[in-house]
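The structure's right below; bear with me while I get my questions together.
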Amino acid sequence: MKIQEVIVVEGRDDTAKIKQAVDADTIETNGSAIDQPTLERIKHAQAKRGVIIFTDPDFPGERIRRIVQQQVPGCKHAFMPKDEAKGSNGLGVEHATKQAIREALEAVYELRQTSYQPIEWRPYLLEYGLVGGAHAKPRRERLGERLKIGYANAKQLEKRLNMFQITVDEFESVMDEILKEERQQS
């Protein structure tokens, strides 16, 4: 699998693992200490080939994603569920299987300027039990995994649903599946 865009990752181990899974070029941010020269390289890559941000599914990874997205608009995003990025000594892209990396890169989201009207998600999050309560976090994890937008807390989930222009129909369809599975398990 050949990737046209340059993939932004956190470190050397991520680069090595991605190159085992796909034919791609990467730019390493060297963790969350992303500096201006690195951002300039990412801007240049975006202008020439496009960029996919593929960071670890943790707080530092999300911080890097936000910084790059803010400084380099128009990047694509790849997400990996936490359970697919767990290793014996940590959490990250470098611990994922080649197949999990390929699947994340096949489900890349591209942010585009469209006539999408942001949705007030709070009522939906409450209705489907994604805020507060014992089932909220696991439901948000499954929702993020199925929509391929990554895990987010309730506040970030609202932003991410709008950022990736998820429709109410898409959201409700996935949530109905999740709730049906929960009923079948109990």
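Residue numbers start at 1 and run along the sequence shown.
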- [ ] Measure the CD1-NZ distance between Ile166 and Lys148 for me, rounded to the nearest 0.5 Å.
- [x] 12.0 Å
Open item on the list: With rounding to the nearest 0.5 angstrom, report the CG to CE distance, Leu125 to Met175.
Closed with: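 Atom-to-atom, Leu125:CG and Met175:CE are 9.0 Å apart.
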- [ ] Name all residues meeting the salt bridge (charged side-chain N to carboxylate O under 4.0 Å, His left out) criterion together with Glu84; count only those two or more places apart in sequence or in a different chain, and write none if there are none.
- [x] none
TODO: Supply the atom-to-atom distance Met80 CE to Lys82 NZ, rounded to the nearest 0.5 angstrom.
DONE: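 NZ of Lys82 is found 14.0 Å from CE of Met80.
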Task: Reference residue Pro81; test side-chain contact (heavy atoms from CB on, under 4.5 Å); the match among Glu103, Lys86, Glu145 - done: Glu145
Open item on the list: Please check: side-chain N/O of Asp14 versus main-chain N/O of Val9, any donor-acceptor pairing under 3.5 Å?
Closed with: no
Open item on the list: Looking at Arg102 and Ala21, would you say the former's side chain and the latter's main chain have a donor-acceptor pair under 3.5 Å?
Closed with: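 Yes: the side chain of Arg102 pairs with the backbone of Ala21.
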TODO: Give a yes-or-no answer on whether the side chains of Tyr128 and Arg139 include a donor-acceptor pair shorter than 3.5 Å.
DONE: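 Result is no, nothing qualifies.
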Task: Single-linkage hydrophobic cluster, 4.5 Å side-chain cutoff, Val174 and Met163 together - done: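 Yes, one cluster joins them.
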TODO: Work out which heavy atom in Arg140 is nearest to a heavy atom in Ala154; give both atom names and the distance.
DONE: NE-N, 3.6 Å
- [ ] Please check if any side-chain donor atom of Thr167 sits under 3.5 Å from a side-chain acceptor atom of Glu170, or the reverse.
- [x]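 Indeed, the side chains of Thr167 and Glu170 share at least one donor-acceptor pair under 3.5 Å.
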Task: Residues Glu182 and Arg142 bridged, charged N to O under 4.0 Å - done: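 Salt bridge between Glu182 and Arg142, a charged N being under 4.0 Å from a carboxylate O: yes.
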Open item on the list: Are Phe164 and His77 an aromatic pair, judged by ring center distance below 6.0 Å?
Closed with: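 Yes, ring centres under 6.0 Å apart.
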Task: 4.5 Å side-chain heavy-atom contact, Ser173 and Asp176 - done: no
TODO: Mind listing the closest non-hydrogen atom pair of Leu157 and Ala152 along with its distance?
DONE: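 Nearest heavy atoms, Leu157 then Ala152: N-CB, 3.6 Å.
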Task: Ile42-Ile7 co-clustered via ILVMFWY side chain contacts under 4.5 Å - done: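 The answer is no; the residues belong to distinct hydrophobic clusters.
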- [ ] Answer yes or no on whether Arg160 is positioned over the face of Tyr151, meaning its NZ or CZ is under 6.0 Å from the six-membered ring centre and within 45° of the axis.
- [x] no
Open item on the list: Quick test of your reading of the model: are Arg122 and Glu158 salt-bridged, counting only N-O distances below 4.0 Å?
Closed with: yes
Task: Heavy-atom closest pair, residues Pro57 and Leu91 - done: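 Taking Pro57 first and Leu91 second, the nearest heavy atoms are O-CD2, 3.6 Å.
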- [ ] Assess the side chains of Glu10 and Thr55: does a donor N or O sit below 3.5 Å from an acceptor N or O?
- [x]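 Looking only at side-chain atoms, Thr55 and Glu10 do not form any donor-acceptor pair under 3.5 Å.
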Task: Rounded distance [0.5 Å steps], CD1 in Ile149 versus CD in Gln156 - done: 11.0 Å
TODO: With the side chain counted from C-beta on, respond yes when Leu147 and Leu161 share a heavy-atom pair under 4.5 Å apart, and no when they do not.
DONE: yes
Open item on the list: With a 6.0 Å cut-off (strictly less than), is the heavy-atom count around NZ of Lys19, excluding the residue itself, greater than 12?
Closed with: yes
Task: Heavy-atom donor-acceptor pair, Gln46 side chain to Val51 backbone, under 3.5 Å - done: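 Yes, the answer is positive, given that a donor and an acceptor are paired below the 3.5 Å cut-off.
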Open item on the list: Taking the side chain as everything from C-beta on, heavy atoms only, tell me whether Val6 gets closer than 4.5 Å to Ile52.
Closed with: no
Open item on the list: Any donor-acceptor pair under 3.5 Å linking the side-chain atoms of Gln185 with those of Glu181?
Closed with: no
- [ ] Measure the shortest side-chain to side-chain distance between Ile18 and Val93 over non-hydrogen atoms and say whether it is less than 4.5 angstrom.
- [x]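 In short, these two side chains touch, coming nearer than 4.5 Å.
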Open item on the list: Quick one: does any side-chain atom of Asp56 pair with a main-chain N or O of Asp58 as donor and acceptor, under 3.5 Å?
Closed with: no
Open item on the list: Any non-hydrogen side-chain atom of Ile119 less than 4.5 Å from a side-chain atom of Tyr124?
Closed with: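 The answer is yes; the side chains approach within 4.5 Å.
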Task: Cluster check Leu143, Val131: I/L/V/M/F/W/Y, side chain < 4.5 angstrom - done: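 Leu143 and Val131: one cluster.
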Task: Shortest non-hydrogen contact from Ala78 toward Arg65 - done: O-NH2, 2.9 Å
Open item on the list: Just to verify, which of Ile34, Thr29, Thr26, Thr38 counts as forming a side-chain contact (heavy atoms from CB on, under 4.5 Å) with Val8?
Closed with: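 Between Val8 and the candidates, side-chain contact (heavy atoms from CB on, under 4.5 Å) is satisfied uniquely by Thr29.
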TODO: Indicate yes or no: at least one non-hydrogen side-chain atom of Asp25 is less than 4.5 angstrom from one of Glu5.
DONE: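 With C-beta onward as the side chain, the pair stays apart.
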Task: From CG (Leu39) to CD1 (Ile67), nearest 0.5 Å - done: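 The distance works out to 7.5 Å.
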- [ ] Check whether more than 12 heavy atoms from other residues, nucleotides or ligands sit under 6.0 Å from atom CZ of Arg49, and answer yes or no.
- [x] yes
Task: Atom pair CG (Asn153) and CZ (Phe59), whose distance is rounded to the nearest 0.5 Å - done: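 The CG atom of Asn153 sits 10.0 Å away from the CZ atom of Phe59.
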Open item on the list: Please give me the minimum heavy-atom distance between Gly74 and Gln69, naming the atom from each residue.
Closed with: N-NE2, 3.8 Å
Open item on the list: When you compare the side chain of Ile101 with that of Lys17, does any pair of heavy atoms fall below 4.5 Å?
Closed with: yes
Task: Closest heavy-atom pair and its distance - Met1, Glu106 - done: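 Closest approach of Met1 to Glu106, heavy atoms only: CE-CG, 3.5 Å.
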TODO: Flag the pair Glu177 and Lys180 as a salt bridge only when some basic side-chain nitrogen lies within less than 4.0 angstrom of an acidic carboxylate oxygen.
DONE: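 No.
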